[in-house]
Amino acid sequence: MPQRNSLISRLVDEVVGEHARFLEFFESYEQRAPDSIADFVAGNPQEMPLPGFVAALAKWTTPTSKDHFAYKQNDPEARAAIQRSLARKRGLRVDLDDIFMTTGAFGALSIAMRVLCDPGDEVIYLSPPWFFYRGMIRTNGATPVRVPVDERTWDIPIEKIDAAITAQTRAIIVNSPCNPTGRMYTRDNLDALARVLEKGSQRVGHRIYLVSDEAYSRILFDGLRFISPVDSYPHSLLIYTYGKQLLTPGERIGYIALPAAMPVGDRTAFRDAVTMTEILLGWMWPNAVLQYSVPELEELSIDIAHLQRKRDRVVKGLRDAGYELNVPDGTFYVLVRSPWADMDAFVEHLATQRVLVLPGSTFEMPKHFRISVTASDTMIERALPVFAAAIKEPVRA
Ligand code: PMP
């Protein structure tokens, strides 16, 4: 018998280990957050929720029939609202049966990985990634394959993707606009990716899927319109969450959608697979009240113009102070280069000044930290002088 030294499954133990830096940082964060003067760590609300959101939930808590709170899979009205929205706002055609309600993008990604991967399969992800891609891939026994984005443009490095494709490749995860770089990939970049995936699929003799994490597709600045990877490559699983558009990540709702351009035989196979996976992972559908609210939620959004003003204030304030940073096309985040070689030490120094930012060591970027502009205007104004003073401190390490 192989020796076991842990109560925990070996796989879970390893996955926990991979996320050690995340867990360590968030332990200290939880102690510090209540005393902070500015909290830039997560895409969390720092102001009261949208009244329309509260009204929709309140409305749908009142039962309309005996089945109101019965076991619920994909609510037909929710599916119809999503289908209309994708068609009207993006010109994307999706069959009603190919929309699967999930507990946000977390649930959608987890289901997508479970449905696509066998142990030993490989999933390509772009680095810097969202924190949990590696863990979600590994939890399914598959192997994450890291491909760094181009550091000058933050674009997808097409040749490196081509080189990373092997007989084991099952999928690639693309997140545009990207957390944490803020980059929305161009149509040319996505078309080039699609060509490489098509060629790669033929070379290895099976379909390589694109998992398109579109959590921030409605968080775009400067009048930009969303460019979806799904429109370049039909063999894609579109992942969405309402948690960003509404800034309500504690009310878990989102979906997986398969484009009508995906071959119908493939879509049919996904339908049963997703349904069974949602059941077996623990009835992963969002609660009934949230699903009934989707037609209303579809029409609501946080104030993007205000978010853009906060982005502009942070970008200008930090640049004036001498920081190097990128200007995001979208998302909640500004990625800033640490003025100290020891980024974790700099983040710790800011924390002693009660300004909390997210260290890049939690997302494979040891020289950067991330600022979320979901922080309030007051927090931003309080923090800018702290940032300005911190960069004048003697460089440590
Ligand atoms: N993908 C990305 C890129 C994200 O930034 C997030 C939220 N931080 C998620 C997925 C998960 O979103 P949700 O919590 O709304 O499911």
Side-chain angles (χ1 to χ4, degrees), residues 19 22 25-26 29 39-46 49-50 53 82 100-113 123 125-137 139 144 149 154 156 171-185 210-220 226 228-230 236-257 278 281-282 284-287 290-291 293-294 297-298 300-302 307 328-335 357-358 360 362-365 370-375:
H19 292 293
F22 181 90
F25 174 78
F26 273 88
Y29 168 72
D39 183 349
F40 295 105
V41 171
N44 247 335
Q46 304 290 354
L50 294 169
F53 180 75
I82 291 162
F100 311 100
M101 303 309 298
T102 63
T103 51
F106 262 103
L109 285 161
S110 163
I111 291 160
M113 288 302 114
V123 176
Y125 71 96
L126 296 160
S127 178
W130 179 57
F131 322 102
F132 303 113
Y133 291 149
R134 285 188 67 92
M136 283 191 180
I137 296 164
T139 298
V149 294
W154 305 120
I156 304 172
I172 177 170
I173 306 178
V174 177
N175 171 218
S176 185
C178 172
N179 168 11
T181 66
R183 179 73 172 142
M184 178 168 69
Y185 304 121
L210 190 158
V211 175
S212 182
D213 180 348
E214 305 191 357
Y216 298 95
S217 59
R218 298 198 198 172
I219 314 292
L220 286 171
F226 180 55
S228 173
V230 174
S236 292
L237 284 69
L238 187 166
I239 306 285
Y240 190 67
T241 170
Y242 290 94
K244 312 298 173 190
Q245 157 188 352
L246 305 169
L247 204 36
T248 51
E251 290 291 329
R252 317 277 323 142
I253 186 156
Y255 58 83
I256 303 174
E278 293 227 40
L281 284 182
M284 291 280 280
W285 286 277
N287 287 335
L290 273 167
Q291 292 209 46
S293 305
V294 166
L297 303 189
E298 263 295 328
L300 291 172
S301 169
I302 54 166
L307 196 69
D329 300 322
T331 75
F332 294 152
Y333 312 112
V334 179
L335 197 57
V357 302
L358 186 72
T362 58
F363 51 86
E364 303 182 4
M365 292 204 92
R370 194 194 75 176
I371 284 182
S372 176
V373 295
T374 52

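Atoms within each ligand, like the ligands themselves, are counted from 1 in listed order. When a residue number appears, it is its place in the shown sequence, counting from 1.
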Counting the benzene-type ring for Trp, do Y216 and F332 have ring centres under 6.0 Å apart?
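So the answer is yes for these two rings.
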Ring centroid separation for F131 and F22, is it under 6.0 angstrom?
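Aromatic pair counts; centres sit under 6.0 Å.
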Out of all atoms in ligand 1, which are within 4.0 Å of some heavy atom of N175? Include the element for each.
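Counting atoms of ligand 1 from 1, those under 4.0 Å from N175 are 3 (C).
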Considering only heavy atoms of G104, which atoms of ligand 1 have at least one such atom less than 4.0 Å away?
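Heavy-atom distances to G104 below 4.0 Å select 16 (O).
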Could an N or O of ligand 1 be found under 3.5 Å from any N or O of [X], whether backbone or side chain?
X: R252; value: yes
X: F106; value: yes
X: N179; value: yes

Considering only non-hydrogen protein atoms, determine which one is nearest to [atom] and report residue, atom name and distance to 0.1 Å.
atom: atom 1 (N) of ligand 1; result: D213 OD2, 2.6 Å
atom: atom 8 (N) of ligand 1; result: K244 NZ, 3.0 Å
atom: atom 12 (O) of ligand 1; result: A105 CB, 3.7 Å
atom: atom 15 (O) of ligand 1; result: T241 OG1, 2.6 Å

Inter-residue atom distance T181.OG1 - R370.CZ, 0.5 Å rounding:
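Answer for the OG1-CZ pair, T181 versus R370, is 11.0 Å.
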Could you measure the distance from the CZ atom of F106 to the CZ atom of R252? Nearest 0.5 Å is fine.
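Going from the CZ atom of F106 to the CZ atom of R252 covers 6.0 Å.
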Counting only heavy atoms closer than 4.0 Å, does ligand 1 sit against the backbone of P249, its side chain, both, or neither?
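Neither; no heavy atom under 4.0 Å.
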Using a heavy-atom cut-off of under 4.0 Å, does the side chain or the backbone of Y216 touch ligand 1, or both, or neither?
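It is the side chain that touches ligand 1; the backbone stays farther off.
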For atom CG of N287, is the number of surrounding heavy atoms from other residues, nucleotides or ligands below 6.0 Å larger than 12?
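Incorrect, the count does not exceed 12.
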Under a 3.5 Å cutoff, is there a donor and acceptor pairing between the side chains of Q245 and Y240?
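Yes, Y240 and Q245 have a side-chain donor paired with an acceptor closer than 3.5 Å.
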Quick one: closest heavy-atom pair of A108 and I239, and the distance?
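So the two residues come closest at CB-CG2, 3.6 Å.
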Pair E214 + K244: basic N to acidic O under 4.0 Å:
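K244 and E214: not salt-bridged.
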